[in-house]
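Below is one structure; the comments refer to it alone.
Every chain is numbered from 1, with letters handed out A, B, ... down the list of sequences. Keep in mind that the numbers below use all heavy atoms, side chains included, and drop hydrogens, waters and symmetry copies.
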Number of protein chains: 2
Amino acid sequence: MRRRDRLRAQTSAEIKAIAMKLMADGGPDAISLRAIAREMGMTAGAIYSYFATRDDLITALIGDVYTSAVDAAEVARDAVPETDPGGRILAWAQASREWALANPEGFRLIYGDPVPGYRPPGDGPGKQAEIRACSGLIGLVAAAWTTVQARQSEDRAYDWADFDRDLVAHVRKDFPDLPPAGIAMTLRVWGRMHGLMALEIYGHLRTVIHDPATVYRDEMHDLIASLGLIS
Amino acid sequence: MRRRDRLRAQTSAEIKAIAMKLMADGGPDAISLRAIAREMGMTAGAIYSYFATRDDLITALIGDVYTSAVDAAEVARDAVPETDPGGRILAWAQASREWALANPEGFRLIYGDPVPGYRPPGDGPGKQAEIRACSGLIGLVAAAWTTVQARQSEDRAYDWADFDRDLVAHVRKDFPDLPPAGIAMTLRVWGRMHGLMALEIYGHLRTVIHDPATVYRDEMHDLIASLGLIS
DNA sequence: TGTTCCAATTAAACGGCGTGTATTAATAAG
DNA sequence: CTTATTAATACACGCCGTTTAATTGGAACA
């Protein structure tokens, strides 16, 4: 029984690994149960012992990929001392971009239409990783909030009720000094990191600029400057 | 011959219209030649008389959708007098977001993985529409450049060689006073508009905030403020 | 040891898909 | 009226996700 479970987990991991390889080679749409089975010397139907449906496999993959992305960002963030909140934001942003450039298919899997008819489930590991990423960003904003607050004092009032109930609970526990506007600011930070990154990954900048790295750096520099952090 | 051409154009338009309807109903992946043919009372193979392959049809659709998006943005922009460059940028941004919310599938078609195995061709109508959108944004930035220049004077130097040759030719003809940094700034503006919009359309904000409209408005307001335009 | 049981796997099938190809019907051109 | 072009068809091919029934093989128990 124990042995059986280990074999099962191992096979499940192999399925995911091969799915990742197929995705890296031929894009997210190259993930097909038949191709995976072919690669493993199995039959397509056999995979249904491990994943009830193809979307379940995709969901598991999204969880793994998202986790790897957030891991990379957090490692880069933690390499910068907490006394430099602007540097931590910059590190997060640049690590995210570098991860995306190194794993474009993973980025599409997370932030785009992952695969033909896939629709994400309500919960699942992807959702959890997303919450983790969001929490990381909120922490970055919270660490800089005293200076941000001074500059954004004229900001429109936000209310806790504007945001997701569970997220609010977490935020008020972990960052008791952060007002609702801090979450709104976090979303703006997220959006600013995401915008150029998505345009670049999906090839929309290629027809304009040869290397968007400088533009992205300038934009992130402007971001932390507008947050009131020197650099 | 004339009559033949007219019928051909009409049928081609009907194919695209039905494809748009299918996309609006069931997402970009609902576009299948068989489904279109079924809807038209034809055979799947017949469509190959009008579009050599399914990707060609998608390409044509992308051109149409992109054009409609840029049209909406330009109409909104032109409703604001040229004496208010900040308002014109704001109008462009909000019209783009509203278009995206009204046509989420269209947004995915343009900015995401349009459809299973599709890869955009080098030229084509989609590229032209993208150039048109980019030109519109450059125009907006150029109109505000004198104030922008004052605030971003410490910006890192850009060179014309950093950008696409054809685009540079157009820019130097249409906006002779805009330096290379103006194109970089345009990309940053584009990215800032795109970021929150993409996150929202792909459902990543839904788990955080109930209505991102205010955040988007704040972000765009901050954008034109950082450009040195009052509001 | 022999037997029972159960999870893993297979083979086959269903319907749907994009894409070609050979063929037939219609229509414009000479 | 004849001929060349072209739209449309029918059919075949190989891919896909998913389901079902039959088969295997190892674990557990007597």
Output the rounded distance in Å from [atom1] ([X]) to [atom2] ([N]).
| X | N | atom1 | atom2 | result |
| --- | --- | --- | --- | --- |
| B/Arg8 | C/dA28 | CZ | C1' | 15 Å |
| A/Phe51 | D/dT18 | CZ | P | 13 Å |
| A/Asp29 | D/dC15 | CG | P | 16 Å |
| A/Ile47 | C/dA7 | CD1 | C1' | 17 Å |
| A/Tyr50 | D/dT18 | OH | C1' | 18 Å |
| A/Met42 | C/dA8 | CE | P | 11 Å |

Non-neighbouring partners of [X] that pass side chain to side chain contact (heavy atoms under 4.5 Å, CB included), sequence neighbours left out:
| X | value |
| --- | --- |
| B/Thr53 | B/Asp55, B/Asp56 |
| B/Ala46 | B/Met42 |
| B/Asp71 | B/Thr67, B/Arg132 |
| B/Val75 | none |

Subject >> salt bridge (charged side-chain N to carboxylate O under 4.0 Å, His left out) contacts in which one or both residues fall within residues 32-49 of chain B, not counting sequence neighbours >> reply: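 Counting only pairs at least two positions apart or across chains, the salt bridge (charged side-chain N to carboxylate O under 4.0 Å, His left out) contacts touching residues 32-49 of chain B are B/Lys21-B/Glu39.
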Original post:
When you check every protein heavy atom under 4.0 Å of nucleotides 16-21 of chain C, what one-letter string (B, S, -) results, 5' to 3'?
Top reply: -BBB--
Subject >> Among D/dA7, C/dT9, D/dT9, the nucleotide that comes nearest once only the side chain of B/Ser49 is considered >> reply: D/dA7
Original post:
Do the non-hydrogen side-chain atoms of A/Arg77 and A/Leu140 ever get within less than 4.5 Å of each other?
Top reply: yes
